[in-house]
Amino acid sequence: MSGDGMRHPTDALAEYAAGVLDPSERTTIETHLTACSSCRAALLGWTAVAAATRTPMEAPPSAPSVVRAALTRAALAPQAPPVRRRDVRFAAELLRAELRLVRPSVWVASILVMACAVVAAAAAGHGSGATVLSLVAPLIAVAGVAGVYGPEREPAFEALAITSTSPRLVLLARATLVFGYALTLAVAASAVLRLVATEVGLVDLVIAWLGPMTLLLALSLVLAMWIGPNVSLGVAAALWMLRVATVGIPELSEGWLAARMQEVWATSPGTVAVTFALVATALALSRRPGRPRGGRLRPVAW
Amino acid sequence: MPVSGRLRLRWPSPETASGVEDPSVSEADVVLVGRVAVGDAAALATLYRRHADGLFAFLQQYARDRMVAEEILQDTLLAVWRSAHLYAGRSGVRTWIFGIARRQAHNRLRNQEPRKLPLDGLAGRADPAPGPAEWAIASAQRAAIADAFAVLAPHHREMLALAFAARLPHREIAEVLGVPVGTVKSRLHHARAALHRALADRGFVEEMP
């Protein structure tokens with residue numbers, strides 16, 4: 001093979017000198033080198049650099065010593081927690097962490113209000129259990145959610161403000177906790193009322209409050225994430241007073257408003273659909289970084 | 001010899017088309033990283049043994065100090081131990097480890113040597129054709145070259161250390177540095193030219209024309 005007219009493997013000479021080419025490529029280059037003095041000269045330069053680069057070369061430290069040193073340091077200096085992937089385990093850990101941060105007063109207040117409602121319904125008798133529960137259970141859930149978020153109510157607010165978890169996601173996690181708790185309470189209350197007053201079935205009792213509770217909670221959650229917890233609580237309280245008024249004030253219990261209220265605050269396909277839409281909105285909002293705008297408002301009198 | 005089908009598809013390079021097992025796509029390494037990710041210290045030791053020579057050679061040449069090189073080696077193993085669960089198989093295990101080692105070296109050497117990368121376009125005048133310079137370098141004493149190596153800019157030393165001390169193929173150097181293979185080749189030429197200039201400054205070879 002002649003040195004003229006063939007392609008010089010200039011680019012491969014450095015790798016040849018380093019010894020990283022596989023046998024077939026080596027053979028090709030060696031064949032070329034026998035015929036090409038300019039490539040031999042170029043290779044000499046690379047070979048010298050390669051040899052120099054490896055000159056004062058000592059053996060690496062033994063594996064046990066290096067690994068022990070590295071692991072000792074790992075144990076002595078705990079690292080900052082890695083940014084976790086947003087998966088099921090992350091959600092479970094977030095819920096568990098938030099569970100510790102929700103103030104005990106939220107749990108205690110909820111159970112006290114529910115107990116009063118059960119006593120009142122049992123005392124009134126005559127099938128009033130469903131009505132009382134449908135009025136009280138949603139309010140407990142919403143007040144609970146409003147009570148677990150915001151700088152004024154947050155024992156660990158400073159710490160939360162600097163974490164990578166979005167405040168909206170934290171709010172969502174806490175709303176989930178409070179909802180689960182309110183749900184449990186209301187089911188327990190329904191069971192107690194079923195035992196005390198046998199004229200209403202358990203399923204009817206649950207249906208009476210389940211739809212209104214989830215709808216009101218979803219609505220207030222979206223408002224809390226979008227605007228802020230205080231606005232959310234205000235709107236939810238106003239809506240609910242309207243509802244209570246149509247039930248409790250005889251002059252309002254007939255007519256257009258009462259009929260609308262019966263439709264809206266019920267467990268029906270329409271309200272379930274609206275609830276799901278609101279929860280989807282809340283989930284979408286929870287992915288946005290930053291804090292709800294109204295987070296710094298003073299708490300409303302409650 | 002058939003190598004890992006999945007990774008071979010990603011790196012259809014003639015450099016790995018035949019011959020011995022390519023350490024950059026070793027399935028054994030991937031398994032080891034998986035075990036390190038779940039806290040297996042023995043797997044970390046095995047992984048280290050497989051790459052200790054190249055890794056320590058690179059760090060010694062880059063840091064020019066055995067003690068510092070050992071510290072960076074520890075930093076690297078610590079980082080591998082802590083971030084093994086983040087290894088996603090997008091690069092070979094060897095280039096992943098070298099990438100970590102390079103970052104750890106930068107972290108530790110940052111205060112000693114301000115890192116300044118030249119614009120590749122400006123240095124493009126370096127003549128890739130073989131000439132008297134190659135002969136000059138070849139004739140200089142090895143020790144003289146090693147001295148000149150010590151005064152090289154860190155990015156030149158890094159290139160030479162990756163190519164000749166760690167003996168990474170240019171394709172893997174490109175992965176470690178996050179640049180195209182062509183850039184690796186031109187940077188390597190510039191590093192060699194810088195080495196020649198360092199030799200000339202110290203009177204070992206004649207000034208390049």
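Every chain is numbered from 1 and lettered A, B, ... according to where its sequence line falls, protein lines coming before strand lines.
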Which residues satisfy the side-chain hydrogen bond (donor to acceptor under 3.5 Å, both in side chains) test with A:D11, sequence neighbours excluded?
->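 side-chain hydrogen bond (donor to acceptor under 3.5 Å, both in side chains) list for A:D11, sorted by chain: empty.
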Contacting region of B:A57 [heavy-atom separation from chain A under 4.5 Å] |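 B:A57 touches chain A through backbone and side-chain heavy atoms alike.
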Which answer fits B:L168, side chain, backbone, both or neither, if we ask what part of it has an atom under 4.5 Å from a heavy atom of chain A?
->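 Answer is backbone: N, CA, C or O of B:L168 sit under 4.5 Å from chain A.
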Side-chain (B:H189) to main-chain (B:K185) donor-acceptor, under 3.5 angstrom |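 Confirmed, B:H189 side chain pairs with B:K185 backbone.
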Just jot down the salt bridge (Lys or Arg N to Asp or Glu O under 4.0 Å) partners of B:R66, sequence neighbours excluded, or say none.
->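 B:R66: salt bridge (Lys or Arg N to Asp or Glu O under 4.0 Å) contacts with A:E58, B:E70.
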Below 4.5 Å from any heavy atom of chain B, which atoms of A:A12 appear? Answer side chain, backbone, both or neither.
->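 Contact with chain B is absent: no heavy atom of A:A12 under 4.5 Å.
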Leading residue by heavy atom contact count with chain B [cutoff under 4.5 Å; candidates A:A70, A:A17, A:P60, A:A63] =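 The candidate making the most pairs under 4.5 Å is A:P60.
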Look up atom CZ in B:R192 and atom CG in B:L152, then write down how far apart they are to the nearest 0.5 Å.
->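 The CG atom of B:L152 is 13.0 Å from CZ of B:R192, to the nearest 0.5 Å.
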